[in-house]
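Working notes, structure below.
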Number of protein chains: 2
Amino acid sequence: MADINVNAALNPVQGGSRPAPDASAQGLRWDIIELLFFAYRDFVGDADHVLETFGFGRAHHRVLYFVSRYPGLKVADLLGVLRITKQSLGRVLKQLLDEGYIVQKEGDADRRQRLLYATAKGETLVRRLVTLQTARIDAALAGFSPAESAAVRRFLRAMIDRDSPDKVLEQLLGLAQGVAQGAGPQEAKE
Amino acid sequence: MADINVNAALNPVQGGSRPAPDASAQGLRWDIIELLFFAYRDFVGDADHVLETFGFGRAHHRVLYFVSRYPGLKVADLLGVLRITKQSLGRVLKQLLDEGYIVQKEGDADRRQRLLYATAKGETLVRRLVTLQTARIDAALAGFSPAESAAVRRFLRAMIDRDSPDKVLEQLLGLAQGVAQGAGPQEAKE
DNA sequence: ACATTTATGTCAGCCATATTGACGTATTTC
DNA sequence: GAAATACGTCAATATGGCTGACATAAATGT
């Protein structure tokens, strides 16, 4: 019933058939923009549902995820990666510490640092979330040739700012692809 | 200086070299998960900067975008697409109406409906944002063969929930790929 | 040794965006 | 005429960002 009107209205203008009023859609990537929006929405949605049952939000997820993935992360690094302020991080981090998902350890060389590590409890939750999201990714990549999967990866990598003020994670993404060993800031300079 | 410690800590554990404490990382897609996070962050970041100068946020962007792309969208449809509540939409939509980016028209068949349309002013802003994001996508896809681009698109499509309660946009995504004409809810059933 | 810088934490308050619940109003439908 | 629908809105609340200010401990520089 409602569907009748829905369908009447729901023909995308720009990428579709109509001549498009003003400038038409010269080479604009409406399709990919939209696909990214929905893909990401559903991708994070997987985790959101689980997190809700823990009384956590996306902020907790991001913090716990990166701490788990990069054990010994400094608070400052985390701030750089997440691009949020100390104060914003403070709240969520405190919760994760209080509830035993993360622990802090004094830095060896620099005792001002509070290096962050996920506890077993934290690792368990992260793994659960990663497993969920992996299932979606696996399903999406089902039937893809190695070349096609590689193309997807290359695309995502190329979508990321190279020249960002991150320092930290941009290097990590250089690593994340397979360089894993060398700790140097080389590579990933396109 | 800080980089020394950074590099010491920043070896990803799961996908990397270490044996990984507990379960190891059996087939988990850490890399793609991370790539998606950063890719999306930077992708929406493009628009965020522009929107800031207009006093708008992401919420405004999403509303304006979909109204522009699917002229005549009903309020209820928009709520379904964005997955937010009427109240949340209300504020943002009111601003966009007040400032002349969007107009409402009574539905022909059903005069209770307020069909939404972007004004020229609204279209201009949307186009600017889409152009920005298109530039990033174009850059990312530079040098991709048609088959590789297609793989990227297929991946993104496959990441989206098929069985979602959206009705609306899931059909649109069926359309968005090229079916554009038929208004039927067929296709895209994997 | 003392001053400065750095790494971190924290207090207080603000803003944007989301939520739920309740209610109002016009319009369509049964 | 009653009920359901499409939409708007009021009020209260939560989350996750933000800025500014200030505190403490440890490292660093002169």
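Naming: A, B, ... by sequence-line order, numbering from 1 per chain. These figures come from a predicted structure and were not determined experimentally. Reckoned from all heavy atoms, side chains included, excluding hydrogens, waters and symmetry mates.
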Salt bridge (Lys or Arg N to Asp or Glu O under 4.0 Å) against [X], all qualifying residues, sequence neighbours excluded:
X       : answer
B:Arg91 : none
B:Glu52 : none
B:Lys94 : B:Asp98

*asked:* Generate the contact string for nucleotides 20-26 of chain D. Rules: B means base contact, S means sugar-phosphate contact only, - means no protein heavy atom under 4.0 Å.
replied: BB----B
Would you kindly give the [atom1]-to-[atom2] distance between [X] and [N], to the nearest whole Å?
X        : N      : atom1 : atom2 : answer
A:Leu79  : C:dT8  : CG    : C1'   : 9 Å
A:Gln113 : C:dT5  : CD    : P     : 19 Å
B:Lys74  : D:dC7  : NZ    : C1'   : 11 Å
A:Leu97  : C:dG9  : CG    : C1'   : 12 Å
A:Glu52  : C:dT19 : CD    : P     : 11 Å
A:Leu78  : C:dG9  : CG    : P     : 10 Å
A:Arg41  : C:dA18 : CZ    : P     : 13 Å
B:Arg91  : D:dC7  : CZ    : P     : 19 Å

*Using the salt bridge (charged side-chain N to carboxylate O under 4.0 Å, His left out) rule, collect all pairs that involve residues 139-149 of chain B, keeping only residues at least two apart or in two chains.*
A:Arg154-B:Glu148
*Going by the salt bridge (charged side-chain N to carboxylate O under 4.0 Å, His left out) test, which pairs reach into residues 134-145 of chain B, not counting sequence neighbours?*
A:Arg29-B:Asp138, A:Asp161-B:Arg136, B:Asp46-B:Arg136
[N] phosphate, OP1 or OP2, under 4.0 Å from [X] side-chain N/O:
X       : N      : answer
B:Ser88 : C:dT17 : no
B:Thr85 : C:dA18 : no
B:Arg62 : C:dA18 : yes

Side chains of residues 57-67 of chain B: which donor-acceptor pairs under 3.5 Å do they make with residues two or more places apart or in other chains?
from: B:Arg58; atom 1: NE; to: B:Asp48; atom 2: OD1; distance (Å): 3.3
from: B:Arg58; atom 1: NE; to: B:Asp48; atom 2: OD2; distance (Å): 3.0
from: B:Arg58; atom 1: NH2; to: B:Asp48; atom 2: OD2; distance (Å): 2.8
from: B:His60; atom 1: ND1; to: B:Gly57; atom 2: N; distance (Å): 2.9
from: B:His60; atom 1: NE2; to: B:Gln95; atom 2: OE1; distance (Å): 3.0
from: B:Tyr65; atom 1: OH; to: A:Glu34; atom 2: OE1; distance (Å): 2.6

_ring pair (Phe, Tyr, Trp, His ring centres under 6.0 Å) between B:Phe43 and A:Tyr40, intermediate numbers included_ = CA-CA 11 Å; B:Phe43 170 67; A:Tyr40 194 77; 9.5 Å; no
*Listed by chain and number, what are the side chain to side chain donor-acceptor pair (under 3.5 Å) partners of A:Arg112, not counting sequence neighbours?*
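Side chain to side chain donor-acceptor pair (under 3.5 Å) list for A:Arg112, sorted by chain: A:Asp110.
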_With B:Arg128 via side chain to side chain donor-acceptor pair (under 3.5 Å) - residues at least two apart_ = none
*With distance as the sole test, does A:Thr119 use its side chain to make a donor-acceptor pair with the main-chain N or O of A:Gly100 at under 3.5 Å?*
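Yes; judged by distance alone, with no hydrogens or angles, the pair exists.
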Provide a list of protein-nucleic acid N or O atom pairs under 3.5 angstrom, restricted to nucleotides 13-15 of chain D.
none

*Partners meeting side-chain contact (heavy atoms from CB on, under 4.5 Å) with B:Leu79 (sequence neighbours left out)*: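 So B:Leu79 forms a side-chain contact (heavy atoms from CB on, under 4.5 Å) with B:Val75, B:Ile84, B:Lys86, B:Leu89.
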Using atom names, set out every protein N or O paired with an N or O of nucleotides 1-4 of chain C below 3.5 Å, distance rounded to 0.1 Å.
none

*Just checking A:Gln104: base, sugar-phosphate only, or nothing, at a heavy-atom cut-off of under 4.0 Å?*
sugar-phosphate
*For the residue pair B:Leu116 and B:Lys74, establish whether any side-chain heavy-atom pair is separated by less than 4.5 Å.*
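Side chain of B:Leu116 against side chain of B:Lys74, heavy atoms only: no contact under 4.5 Å found.
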